[in-house]
**Q** 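Dropping the structure in here first, questions after.
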Amino acid sequence: MKYLTLFLATALAAVLLSGCGNGSQFESPGMSITSFTFNGEPVPLTSTDYRYENDTVYLATTVLNQRMHLELQELVPGRQIGICTDELCIPYALDPSEENAAIKDGEQFFIPIIHLMESLGSTAVWNKESGTLEVDYRLHDSDSFTASLNNGLKSAPVSFSLPDIDGNVISLDDFRGKKVAVFCWASW
Amino acid sequence: MEKAQAEYTVLVDKYDYLGGQFDFNYIPLTILFDEEGRMVQGARPANIHNENQVSALEEWIKNGENSFLAASASESGAGTSAMRSSGFASPEARKLFWQGVALLDEDGRDEEALPVLKKALELDPDNWLIRKQIWVVEHPEKFYEGDIDTAWQREVMRSKK
């Protein structure tokens, strides 16, 4: 296994796109984002800011950069791009046959937003019936997070979410009321 | 994970999210949280064969904030770790590491990934995530045939001094 694996010891725990009509091949006629909120604040989107394909909502990398300061990087020319924070990058294939691939439309890239948020330990909720997209993006500010660590037991509660081996998203919040020991390990 | 026969909830941190959030560049380690989700102890090396570490952990489970572990963490800072450092030494090291990982993610491109990862390690020589990722590609037999050969790892590091 080449990846890091988090081993969460629970026994110790006492853890729309309104694209109609503009002709893009990636849009599903009739599907639109009627409301987009980012960390509880409404954010207007234009038809160039998103795509909807195969029941998946994609946000443009320009929106990700403006709202979340996420950086687009080319990882493997023509094959993989990365959406990066200061500390990590989430890779996305450009081959549409790959699972969770990004979409390239001209010079613009679109990223599956729910997959991205879950990969970053945050959440995105898409309600297909109402056309609402809610993104709750939590990224610890390094300096304040470090300060909270050094305040010892009085530090603020921490939260993160990651998928298990079956893809089910598990949150540290799910273990509230119990002590949690997180063991981080890898096959190497 | 099947080989480890883990009995507890196992999550997959494919993109090193926790490494970025909790500022560690090595494993194995533990991070402890209390019932309110507050960090009691930040990233610290973990050795399940170390009786003292296991005893301290068991005492914390039993006594919580009245335990020796919690008290010592409170004095020194919950996030203190002798080996702790910020994730990557530079944005360039980070970029190269993730380029290497992207190449490894594709079948048959390990040989292309190695020079990229080695360049990342040159820029970030204290980063054990990069170092071990290189080792496991070049010497899989030291990791996947029987127990991980930690004696070999120590010998490699000694020979570098």
Side-chain angles (χ1 to χ4, degrees), chain A residues 1-12 14-15 73 75-76 79-80 82 84-91 119-121 139-140 142 145-146 148-160 162-165 170 172-173 175-188, chain B residues 1 6-21 23-24 27-40 42-43 46 57 60-61 64-65 70 73-74 77-80 86-88 91 94-95 98-99 101-106 129 132-133 135-136 143-144 148:
Chain A
M1 182 190 309
K2 293 174 181 174
Y3 308 120
L4 295 175
T5 302
L6 171 64
F7 180 15
L8 183 64
T10 60
L12 295 174
V15 186
Q73 284 190 12
L75 296 181
V76 181
R79 297 174 63 88
Q80 273 200 6
C84 306
T85 69
D86 286 339
E87 292 298 333
L88 61 86
C89 286
I90 313 300
S119 299
L120 293 174
L139 182 65
H140 295 293
S142 295
F145 189 56
T146 302
S148 73
L149 294 184
N150 290 330
N151 286 333
L153 290 175
K154 300 304 179 185
S155 62
V158 173
S159 185
F160 64 84
L162 285 168
D164 66 13
I165 192 66
I170 310 293
L172 183 63
D173 294 343
F175 298 91
R176 254 337 136 77
K178 302 178 180 179
K179 296 184 183 68
V180 178
V182 173
F183 293 91
C184 296
W185 57 281
S187 61
W188 41 255
Chain B
M1 285 190 282
E7 297 176 355
Y8 306 116
T9 300
V10 181
L11 308 181
V12 182
D13 188 5
K14 183 174 179 179
Y15 306 116
D16 189 29
Y17 172 76
L18 292 184
Q21 293 307 300
D23 283 346
F24 60 79
I27 50 169
L29 55 84
T30 56
I31 307 171
L32 306 180
F33 301 91
D34 67 11
E35 293 87 338
E36 305 303 317
R38 296 175 300 188
M39 188 182 304
V40 172
L57 199 56
W60 170 68
I61 295 168
E65 63 180 43
S74 181
T80 299
S86 294
F88 291 94
R94 179 203 70 182
K95 182 178 178 180
W98 285 108
Q99 285 179 344
V101 169
L103 287 166
L104 287 178
D105 213 13
E106 299 198 4
L129 297 181
K132 280 197 161 182
Q133 189 63 82
W135 280 351
V136 80
F143 295 87
Y144 298 128
I148 294 175

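Letters A, B, ... are given to chains in the order of the sequence lines, protein chains preceding strands, and every chain is numbered from 1.
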**Q** Nearest heavy-atom pair of R176(A) and E35(B): which atoms, and what distance?
**A**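 Distance-wise, the nearest heavy atoms are CD-O, 3.4 Å.
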**Q** Could you report the tightest heavy-atom contact between V180(A) and W60(B), atom names first, then the distance?
**A**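 Nearest heavy atoms, V180(A) then W60(B): O-CH2, 3.8 Å.
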**Q** Please state whether the side chain, the backbone, both or neither of I148(B) comes within less than 4.5 Å of a heavy atom of chain A.
**A**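 The side chain, not the backbone.
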**Q** Do you know which two heavy atoms are closest between L162(A) and V12(B), and how far apart they sit?
**A**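 Closest approach of L162(A) to V12(B), heavy atoms only: CD2-O, 4.1 Å.
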**Q** Report yes if some heavy atom in the side chain of D13(B) is under 4.5 Å from a heavy atom in the side chain of C184(A); otherwise report no.
**A**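 Contact flag for D13(B)/C184(A) side chains = no.
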**Q** Hey, could you give me the CZ/CD1 distance between F183(A) and I31(B), rounded to the nearest 0.5 Å?
**A**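 One gets 11.0 Å once the value is rounded to the nearest 0.5 Å.
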